[in-house]
Amino acid sequence: MTEAKIKTIRSIVRDINFEGRSLLSINDLTDNQIYGLFDLALQLEPWNRSMVPLVSGNVMSTLFFQPSTRTRMSFETAMHRLGGDVISEANPMVTSSAAKEESLSDMLKVVSKYANIIVMRHFNDKDAREAAPYSDAPIINGGWGHWEHPTQALLDLYTLYRTFGKVEGLKVCVASPDLIEARTGHSMAQGLARLGAKVYLASTSARRTPAEVMEKISARGIKVEEAFDFTRDSFNDYVSGMDMIYLPGCSAPKGPEAEAFKVIMDNYYVRYDTLKKVADKDGRTIYITHTLPRRAGEMDLQIDSSPHQLYFEAIAYSVSIRMALVCAILGV
Ligand code: CP
């Protein structure tokens with residue numbers, strides 16, 4: 001039985017055909033590879049609280065130049081669950097030779113001599129993209145600047161797939177007052193559109209989704225809807241037609257602009273009453289996911305203990321899909 005399961009996993013990994021590759025953008029994966037990773041994650045779910053030694057002998061390095069709870073810990077959990085080892089720099093600007101002005105390219109060249117796979121988060125996507133080719137090991141983007149966070153999109157797409165059994169045809173609103181800087185929103189909007197979801201982008205007109213992201217979507221002949229400058233009522237009306245509301249969060253400014261931004265942010269607040277009204281009237285569940293961390297004032301916390309909540313469900317799925325990605329890159 002175990003042998004049969006391992007053979008199945010091996011054949012899925014082989015079919016995904018991503019061994020030795022890096023994942024910098026969600027567009028580094030084909031649609032078939034994304035679905036292959038879903039299949040593999042499903043096979044691996046029984047072990048996401050135990051261990052299946054599929055990559056033992058391999059070392060993962062996690063280099064996080066920005067704070068993280070979920071991305072770093074779920075990759076490290078995934079690697080441990082697969083029987084691999086982890087070497088981690090959670091604060092490299094203090095504890096590594098980056099503090100002595102070592103270049104990122106030198107760091108990746110060196111670390112890739114120790115590690116078989118690197119997961120890196122970096123505050124500057126241009127620097128990260130320029131340095132990535134210096135790594136001799138595959139590298140996974142764990143969130144780079146304001147550009148992309150592809151594995152967050154992958155786990156949220158997988159959560160959607162596990163919840164609805166499909167992505168195609170679902171109506172999903174990616175909503176934030178600031179979609180310029182929403183790296184998870186950029187990866188997710190592209191992933192959703194590619195897998196055939198109906199995508200709605202709700203933001204302020206001043207901070208709409210970057211042209212680069214919109215162009216990549218339209219280059220594939222896919223249309224997404226953008227809508228701007230909501231009030232709290234119009235926003236809640238708009239999202240009441242969705243299957244899922246995807247909240248990538250936003251980085252609120254500090255200092256003199258902070259109070260003005262809170263007023264804008266308040267217009268994108270998800271009300272529990274909106275969700276309940278639709279459920280009572282139409283028997284339809286609108287799911288909410290948030291990439292987390294969230295800040296006060298983004299949603300009604302009653303949603304946490306309601307059937308609409310998907311953001312904590314996604315945490316468990318994140319381990320399985322990251323296990324799948326690690327297997328696909330390292331081979332089993
Ligand atoms: N969603 C996400 O990337 O969370 P962390 O910043 O905690 O990794």
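Just so you know, ligand 1 is whichever comes first in the structure, and atom 1 is the first atom listed for that ligand.
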Tell me whether Met73 reaches ligand 1 (any heavy atom closer than 4.0 angstrom to a ligand atom). no
Please work out whether the ring planes of Trp144 and Trp147 are parallel, tilted or perpendicular, with thresholds of 30° and 60°.
parallel
closest protein heavy atom to atom 7 (O) of ligand 1 is Thr69 N, 2.8 Å
Specify whether Tyr317 and Tyr158 have parallel, tilted or perpendicular ring planes, treating 30° as the upper limit for parallel and 60° as the lower limit for perpendicular. perpendicular
Quick one: sort the Tyr268 and Phe230 rings into parallel, tilted or perpendicular, breaks at 30° and 60°. perpendicular
The atoms of ligand 1 lying under 4.0 Å from a heavy atom of His149, numbered in the order shown, are 3 (O)
Of all protein heavy atoms, the one nearest atom 2 (C) of ligand 1 is Leu292 O, 3.4 Å
min-distance protein heavy atom vs atom 4 (O) of ligand 1 -> Arg70 NE, 3.0 Å
Mark yes or no for whether Asn58, through its side chain, and Val55, through its backbone, hold a donor-acceptor pair below 3.5 Å.
yes
One finds that the ligand 1 atoms under 4.0 Å from a non-hydrogen atom of Thr291 are 1 (N)
inquiry  = Does ligand 1 come near enough to Pro293 that some N or O of the ligand is less than 3.5 Å from an N or O of the residue?
reply    = no
(Q) For Tyr269, does the six-membered ring have the charged nitrogen or CZ of Arg232 within the cation-pi criterion, i.e. under 6.0 angstrom from the centroid and within 45° of the normal? (A) yes
Residues passing the side-chain contact (heavy atoms from CB on, under 4.5 Å) test with Ser74, sequence neighbours excluded, are Ser318, Val319, Arg322
| message | Between Glu298 and Arg295 (side chain of the first, backbone of the second, donor and acceptor by atom type, cut-off under 3.5 Å), is there such a pair? | response | yes
Per-atom filter on ligand 1: closer than 4.0 angstrom to a heavy atom of Gln152 are 1 (N), 2 (C), 3 (O)
Can a non-hydrogen atom of Arg121 be found less than 4.0 Å from any atom of ligand 1? yes
- Message: So for ligand 1, is Arg72 a polar contact partner (N or O within less than 3.5 Å, distance only)?
- Response: no
